[in-house]
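Structure, as structure tokens:
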Amino acid sequence: MFHLCFLFLLLSPVKSNGETITTFPAILIFGDSTVDTGNNNYITTAVKANHYPYGKDFPAHFPTGRFSNGKLTVDFLASMLGVKESIPPFLYPGLSTYELVTGVSFASAGTGYDTLTTAITRVLPMSKQVEYFKSYSERLKKIVGEKEARRIINRALVAVSAGTNDFIFNFYDVPTRQAEFNIYNYQEFILERLHDFVKELHTLGCRTMLIAGLPPIGCLPIQITAKFKELDRKCISQQNVEAQAYNKRLKELTFQIQMSLKGSRIFYVDIYKPIMDMIRSPEIHGFTETVKGCCGTGLLEAGPICTPLTPLCQNSSEYLFFDSIHPSEKAYRYVTECLMKEIIDKL
């Protein structure tokens with residue numbers, strides 16, 4: 001009992017005057033590499049970031065499985081909300097009681113809402129992440145009891161970030177789904193699966209959810225490389241227009257879902273705009289490079305081909321992207337700051 005009381009005291013941030021700040025007891029994360037804090041380290045897949053140079057700017061300077069040089073948006077979000085400094089992966093075998101109670105990530109780099117996406121990458125589909133969440137709930141009950149476990153899950157902040165891989169793997173670069181759908185119908189296909197996913201989380205007790213939209217897909221270095229020659233690097237406008245159209249539909253959908261799910265608070269999170277802000281005004285944010293990654297040539301290197309033997313840029317904080325797909329820690333921090341300004345009053 002003393003252990004549990006001490007644990008709950010740790011979960012309540014306190015102002016300097018001793019007043020307790022109302023916050024979330026836990027943060028629970030679902031999605032892809034933008035929010036995977038290391039789950040892929042523990043599954044059989046080539047999609048891993050458990051090696052240098054990933055994590056070179058993380059505390060203690062070691063690779064954690066995060067696809068960045070340091071922390072991700074969800075880590076900064078947990079810190080800014082006063083929950084904890086970083087979010088551990090659920091599959092980490094050494095998870096402490098404190099880490100379990102305050103939240104984990106179930107995300108898996110390379111996943112998406114479309115089952116065809118994970119058939120290519122061999123990572124955790126969104127359905128498997130839900131299974132792990134159910135396992136998490138049972139473990140939580142054993143720690144704090146059924147009533148308190150239900151309270152923690154009901155009051156937890158849930159973040160979901162996925163969809164980019166679906167469009168890159170199945171529509172743009174490997175156009176498998178183009179045989180079945182035009183872009184409008186494929187967006188509808190993905191949104192229907194997202195809707196089902198959110199409804200299932202609600203059934204399992206989740207109430208407050210942040211649903212991230214798509215980034216400017218056409219500005220990812222790997223997409224630019226696939227479309228243009230090295231000397232003519234610019235964002236692919238059509239892919240960006242389509243990402244914005246998807247985001248508009250997603251924003252409308254989140255409102256509809258909230259109206260249909262009793263007691264829910266569902267928020268659309270715009271990550272498109274802050275990334276475009278950094279691309280359009282790099283000097284304001286301290287960036288010198290926005291169309292190449294820091295790792296290697298910056299054109300293709302990511303995951304298994306961004307290795308300890310790959311040359312690096314001199315200063316990763318001057319690069320918007322750390323590899324050819326994923327933002328740098330500095331970019332993730334800015335995205336989080338924008339997110340907090342957008343939703344903090346609502347939360």
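Side chains included, hydrogens not; waters and symmetry mates left out as well; all remaining heavy atoms used.
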message = Once you measure the plane-to-plane angle for Tyr246 and Phe167, does it fall in the parallel (<30°), tilted (30-60°) or perpendicular (>60°) bin?
response = perpendicular
ask   = Who pairs with Cys338 by disulfide (SG to SG under 2.5 Å), at least two apart in sequence or on another chain?
value = none
key: Residue list, disulfide (SG to SG under 2.5 Å) with Cys295, at least two apart or on another chain   = Cys306
Okay, side chain of [X], backbone of [Y]: is any donor-acceptor separation there less than 3.5 Å?
X      : Y      : result
His326 : Ala302 : no
Asn39  : Ser108 : no
Glu289 : Tyr319 : no
Thr164 : Leu214 : no
Glu242 : Ser237 : no
Ser281 : Met278 : no
Thr111 : Leu124 : yes
Arg207 : Ile266 : no
Thr121 : Thr117 : yes

With a cut-off of 6.0 Å (strictly less than), are more than 12 heavy atoms of other residues, nucleotides or ligands near [atom1] of [X]?
X      : atom1 : value
Phe181 : CZ    : yes
Arg122 : CZ    : no
Gln178 : CD    : yes
Glu283 : CD    : yes

If you define the side chain from C-beta out and look only at heavy atoms, does anything of [X] sit under 4.5 Å from [Y]?
X      : Y      : answer
Arg151 : Asn154 : no
Leu253 : His195 : yes
Leu157 : Leu28  : no
Glu337 : Pro274 : no

request  = Mind running salt bridge (charged side-chain N to carboxylate O under 4.0 Å, His left out) on Glu131 and Lys134 for me, showing each step along the way?
outcome  = CA-CA 5 Å; Glu131 287 183 31; Lys134 292 177 182 177; over 6 Å; no
On the ring face of [Y], is [X] found with NZ or CZ under 6.0 Å from the centre and within 45° of the axis?
X      : Y      : answer
Arg193 : Phe189 : yes
Lys330 : Phe287 : yes
Lys56  : Phe58  : no
Arg177 : Tyr172 : no

Considering only NZ, NE, NH1 and NH2 on the basic side and carboxylate oxygens on the acidic side, decide whether [X] and [Y] come within less than 4.0 Å.
X      : Y      : value
Asp75  : Arg66  : yes
Lys84  : Glu99  : yes
Glu252 : Arg249 : no

Does the ring center of [X] lie less than 6.0 Å from the ring center of [Y]?
X      : Y      : answer
Tyr334 : His285 : yes
Tyr332 : Phe76  : no
Phe90  : Phe133 : no
Tyr268 : Phe255 : no
Phe106 : Tyr136 : yes

request  = Among Gln223, Gln244, Lys227, find the residue that satisfies the side-chain hydrogen bond (donor to acceptor under 3.5 Å, both in side chains) test when tested with Gln239.
outcome  = Gln223
ask   = Are Leu309 and Phe322 co-members of a hydrophobic cluster defined by side-chain heavy atoms under 4.5 Å apart?
value = no
task = Following the transitive rule for hydrophobic clusters with a side-chain heavy-atom cut-off under 4.5 Å over Ile, Leu, Val, Met, Phe, Trp and Tyr, establish whether Ile305 and Ile325 coincide in one cluster.
result = no
query = For Pro282, which of Thr288, Thr290, Asp277 qualifies under side-chain contact (heavy atoms from CB on, under 4.5 Å)?
reply = Thr290
Arg150 versus Ser137, side-chain donor and acceptor atoms under 3.5 Å = no
query = Hey, what do you get for OG (Ser328) to CZ (Arg333), rounding to the nearest 0.5 Å?
reply = 11.0 Å
